[in-house]
Amino acid sequence: MHAKFFRVIHNFNAGPSILPKQVFEEASQAVLNYNDTGLSILEIGHRTPIFQAVMDEARALVKELMLLDDDHEVLFLHGGATTQFMQVPMNLLNEKETAAYSDTDIWGAKAIKEAKLFGNVDVVCSSKEGGYTFIPKDFAVPNDAKYFHITTNNTIYGTQWQKIPSVSIPIVADMSSDILSRQINFNSFDLIYAGAQKNLGAAGVNLVVVNKNILGKVKRAIPSIMDYRNHIKEGSMLNTPPVFAVFVCMLTLRWLKKMGGGAVMENLNNEKASLLYSEIDNNPLFTGTAAKEDRSKMNVCFVMKDKNLEEQFLTFTKQHNIVGIKGHRTTGGFRASLYNALPLTSVQVLVDAMRDFGK
Ligand SMILES: *Cc1c(COP(=O)(O)O)cnc(C)c1O
């Protein structure tokens, strides 16, 4: 391979984001010649045994790594997490019924907006007034709401539900930016969705895990492609799936399994996050922006005490091959995303740069 491919970049992008090197190598090989078939993974029918095996393995790996029971079905669907903002209420909420939503970031707010097209929304908690910098603590979820929707990790402002609230109604979660980054009882959710491009694979596919028992209870007519039951019946192949994106997910899931799964990832992610947060807390030039107890292990947001130095710091980090730490366009400052594939050494390079910058 050409030498330029080996230049080490420390990639803190929020999404699309870093994936294991091995996944990139295997994926590029498969584009040229998949498993010695003489064919590219991009030029074979999705209903051939070759691709069927990819889809089957991807779904099986999700079941295995998330320790899912038989009620939970695994789907790979088009449209990214944003499509789920509408698909969830379309499948679960009747017109006169109410769903409970948490408003803890821009993504949650978008989910609320879409749900209102299908039924009533009760926003049971919000951190909007506080600039989305914390996770709400004291709130009640009505027992007669159809479901409670949360965004487990707030990608933009860097907060995360450290403890999933226990409620007596089904929980629906947008896990786009922390899926499989920690050990969690996935069976306690009735529906989980995640855009793949943050922690799971290539953009263009969405992982959906749904408890089949909650489906089939709405009165409205659901367009075929939007009805989860059709996707389940067809084994996640109702129409042509985004084959390459599913393939990249499968490779990443294989890597995750080889690494030891969620438990090992959780330890590694904790280590990365505490290394960076402790530098932020101890370095007089920087401040963290999220409430300490709610800090995300995936997206670390911080600013400089002297705003005028931010441009200079960004240039300095670029010289150290650090990319992707500029904050979201709505927040400014910095955001370092520490997804599963990001090695601890990259965090060390960033921490060293933060220290050296002061000198
Ligand atoms: C990125 C993100 C989304 C949007 O995902 P798309 O795949 O672009 O639709 C939704 N929710 C969360 C939590 C995200 O981080």
Side-chain angles (χ1 to χ4, degrees), residues 11-19 75-90 101-115 117 123 125-128 132-136 147-162 164 171-182 184 186 189 191-209 225-226 241-242 244-246 248-249 252 269 273 289-290 294-301 324-331 335-342:
N11 181 1
F12 293 90
N13 274 318
S17 36
I18 188 168
L19 291 173
L75 303 171
F76 284 97
L77 304 182
H78 297 270
T82 304
T83 302
Q84 293 308 306
F85 295 163
M86 76 160 160
Q87 197 166 355
V88 164
M90 190 186 283
Y101 274 71
S102 61
D103 172 27
T104 56
D105 67 337
I106 288 173
W107 299 117
K110 288 188 178 181
I112 289 167
K113 178 167 174 263
E114 299 296 287
L117 298 171
V123 179
C125 63
S126 175
S127 53
K128 190 176 182 178
Y132 288 132
T133 53
F134 65 96
I135 295 293
Y147 61 86
F148 177 43
H149 181 281
I150 65 171
T151 310
T152 49
N153 182 68
N154 173 353
T155 325
I156 296 174
Y157 297 85
T159 62
Q160 187 174 26
W161 293 84
Q162 303 305 342
I164 304 302
I171 299 196
V172 174
D174 176 356
M175 292 195 190
S176 293
S177 51
D178 68 349
I179 186 93
L180 285 166
S181 70
R182 55 176 169 169
I184 207 171
F186 294 104
F189 296 85
L191 200 151
I192 294 166
Y193 60 93
Q197 69 273 21
K198 281 152 191 154
N199 218 11
L200 211 56
V205 74
N206 214 9
L207 170 67
V208 173
V209 172
I225 191 80
M226 286 290 126
F244 191 60
V246 173
V248 175
C249 284
T252 311
N269 290 330
T289 50
D294 303 322
R295 281 173 162 178
S296 168
K297 310 269 169 63
M298 291 281 99
N299 311 98
V300 177
C301 294
I325 61 162
K326 203 173 161 68
H328 190 265
R329 57 196 149 82
T330 57
T331 58
R335 169 178 54 176
S337 298
L338 315 180
Y339 298 125
N340 286 348
L342 185 87

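Both ligands and their constituent atoms are indexed starting at 1 by order of listing.
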J.: Looking only at the side chains, is there a donor atom on one of S296 and N153 sitting less than 3.5 Å from an acceptor on the other?
T.: yes

J.: Only heavy atoms of F85, strictly under 4.0 Å: list the atoms of ligand 1 that pass.
T.: 10 (C)

J.: Heavy-atom distances under 4.0 Å are what count here, so tell me which part of N154 touches ligand 1: side chain, backbone, both or neither.
T.: neither

J.: What atoms of ligand 1 come closer than 4.0 angstrom to any heavy atom of G80?
T.: 7 (O), 9 (O)

J.: Measure the distance from atom 15 (O) of ligand 1 to every protein heavy atom, then report the residue, atom name and distance (to 0.1 Å) of the closest one.
T.: T155 OG1, 2.5 Å

J.: Any donor and acceptor pair, going by atom type alone, linking the side chain of N154 with main-chain N or O of T104 inside 3.5 Å?
T.: yes

J.: Nearest 0.5 Å, what's the CD1-OG1 distance between I184 and T152?
T.: 6.5 Å

J.: Tell me, which protein residue and heavy-atom name are nearest atom 2 (C) of ligand 1, and how many Å apart are they?
T.: K198 NZ, 2.4 Å

J.: For ligand 1, find out whether one of its N or O atoms is nearer than 3.5 Å to an N or O atom of N153.
T.: no

J.: Measure the NZ-OG distance between K297 and S337 for me, rounded to the nearest 0.5 Å.
T.: 15.5 Å

J.: Suppose we measure from atom 5 (O) of ligand 1 to each protein heavy atom; which comes out shortest, and what is that distance?
T.: A81 CB, 3.5 Å

J.: Rounded to the nearest 0.5 Å, what separation is found between the OH atom of Y132 and the OG1 atom of T151?
T.: 9.5 Å

J.: Between Y157 and N299, does any side-chain donor sit less than 3.5 Å from a side-chain acceptor?
T.: no

J.: Which of the atoms of ligand 1 are close to T151, meaning less than 4.0 Å from one of its heavy atoms?
T.: 13 (C)

J.: Before signing off on this row, confirm whether T83 and ligand 1 have an N or O atom pair separated by under 3.5 Å.
T.: no

J.: Specify the protein heavy atom at minimum distance from atom 11 (N) of ligand 1: its residue, its atom name, and the distance to 0.1 Å.
T.: D174 OD2, 2.6 Å

J.: For ligand 1, is any non-hydrogen atom under 4.0 Å from Q197's backbone (N, CA, C, O), its side chain (CB onward), both, or neither?
T.: side chain

J.: Is the backbone N or O of I135 less than 3.5 Å from a side-chain atom of D294, with the two atoms forming a donor-acceptor pair by type?
T.: yes

J.: Just heavy atoms, cut-off under 4.0 Å: does T82 contact ligand 1 by side chain, backbone, both, or neither?
T.: both

J.: Can you tell me how the ring of H149 sits relative to the ring of Y101, calling it parallel under 30°, perpendicular over 60° and tilted otherwise?
T.: parallel

